[in-house]
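Here's the structure we're looking at; comments come further down.
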2 protein chains.
Amino acid sequence: MGDVFRALADPTRRALLDELQERDGQTLFELCTRLIQRHGVGSSRQAVSQHLEVLEQAGLVRTRREGRYKFHHLDTSPLRAIVERWRLDTEEGPCGSP
Amino acid sequence: MGDVFRALADPTRRALLDELQERDGQTLFELCTRLIQRHGVGSSRQAVSQHLEVLEQAGLVRTRREGRYKFHHLDTSPLRAIVERWRLDTEEGPCGSP
DNA sequence: TCGACAGGCAAGCAGGAACTTGCGTATCGT
DNA sequence: ACGATACGCAAGTTCCTGCTTGCCTGTCGA
C-alpha cells in the first residue's frame, strides 16, 4: 500500500505510467526515448530502469520477457484500492448523480 | 499533484487522514493521542505537526483557527484528481455495471 | 563466431525527508 | 496577573532516495 504512493510520488515515474497508458508494452529503451520526446524528461537508462523496478514492486507495472526484450505493462488495479480506501466512489462519483 | 502523492507516501500521514476521516475537526493534541491509542503510531507532537503541515500543503487537510485551538478537516478532493488522471472510473467502476 | 544491442548489478555520492531538541508566542482559566 | 495550555519556529542529526559510474550477462544479426 505504502509502496504504491511512494512509487507515485516521483514525477518521472508518473510520466512513465502516463506513457504506458498511452502505449502499453514498451521496452526500456522505447520508454527512455519517448520520455524525452513527449514528456521532456531526460533521465539516463539506469535511472529509468530503477524507476521501473520501483513501479513493478508497487504492482503498478507488470513485465514480460521475450528474448532480449522486456516489455512493460501498466496495471492500475492498485490505484483502485486508493479509491476504496477513502470511499471516493460512494460520495458523489461521476456515475450515478441523482 | 506531486505534493499529494508525496504526502500520502508516509504511513503516519495516512494514519492521520484515516483518523480525520473517522472524526473530523480534531486538534493537534487530539490527533497525537488518538494516533497512539488507535493506530499504534507513537510520534512526538512536533513530528505530527510537521506531518499536518505537509498534508495541508498538499490540500488534503484544511485548518480552522479558533482561539488557541486549530482544528483540522479532511479534504478528499485532491484524491479525486487521481481517479480522473488514470481514468479509474470509466473502465469498470463499482457504479454502473452493465 | 563476433560485434552490437537490450538489459542487469552494485558501489558511491549528493540532496531531501523525518524526527528531535530547544526556545518562543498566543490564548485561556483562576 | 500568572501559570498552564496549545501551538509555531528553527537548527541539527540521521536515514532514505534518486542518480551516476563502471562493469557484467544474455541475445540477436551478419
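In this structure, CG on Leu55(A) lies 9.0 Å from CG on Leu74(A), to the nearest 0.5 angstrom.
In this structure, CD of Gln57(A) is placed 10 Å from P of dT17(D), rounded to the nearest angstrom. Straight-line distance from the CG atom of Leu52(A) to the C1' atom of dC9(C): 16 Å, rounded to whole Å. What separates CG of Leu16(B) from P of dC19(C) is a distance of 10 Å, to the nearest Å. The interatomic distance linking Arg65(A) (CZ) with dA6(C) (P) rounds to 12 Å, in whole Å.
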**Leu8(B) vs Leu17(B), side chain to side chain contact (heavy atoms under 4.5 Å, CB included): CA-CA, chis, key distance, verdict** = CA-CA 9 Å; Leu8(B) 291 167; Leu17(B) 293 183; 3.5 Å; yes
**Asked** Is there a side chain to side chain contact (heavy atoms under 4.5 Å, CB included) between His72(B) and Glu30(B) once you walk through the steps?
**Response** CA-CA 10 Å; His72(B) 300 79; Glu30(B) 277 181 296; over 6 Å; no
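Note on His51(A): every side-chain N or O is 4.0 Å or more away from OP1 and OP2 of dT17(D). In terms of phosphate contacts, Ser49(A) brings no side-chain nitrogen or oxygen within less than 4.0 Å of OP1 or OP2 of dG7(C).
Shown for residues 3-15 of chain A: residues whose heavy atoms fall under 4.0 angstrom of DNA chain D, namely Arg6(A), Asp10(A), Arg13(A). Within residues 26-36 of chain B, no residue has any heavy atom closer than 4.0 Å to DNA chain C.
Within the 4.5 Å cutoff, no side-chain heavy atoms of Asp18(A) are placed close to those of Leu16(A). Thr27(B) has its side chain within reach of Phe71(B): a pair of non-hydrogen atoms, C-beta onward, lies under 4.5 Å apart. Counting only heavy atoms from C-beta outward, the side chains of Val48(B) and Leu28(B) approach each other to under 4.5 Å. Contact of the Val61(B) side chain with the His73(B) side chain is not registered, since no non-hydrogen atoms from C-beta on lie closer than 4.5 Å. Between Arg64(A) and Lys70(A) there is no side-chain heavy-atom pair separated by less than 4.5 Å. Looking at heavy atoms from C-beta onward, Arg34(B) lies in side-chain contact with Glu19(B) at the 4.5 angstrom threshold. For the pair Leu31(A) and Leu20(A), the minimum side-chain heavy-atom distance is below 4.5 Å. Within the 4.5 Å cutoff, the side chain of Val41(A) has heavy atoms near those of the Thr12(A) side chain.
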**Fill in**
In B/S/- notation (B base, S sugar-phosphate only, - none; protein heavy atoms under 4.0 Å), nucleotides 20-30 of chain C written 5' to 3' is BBB----BS--
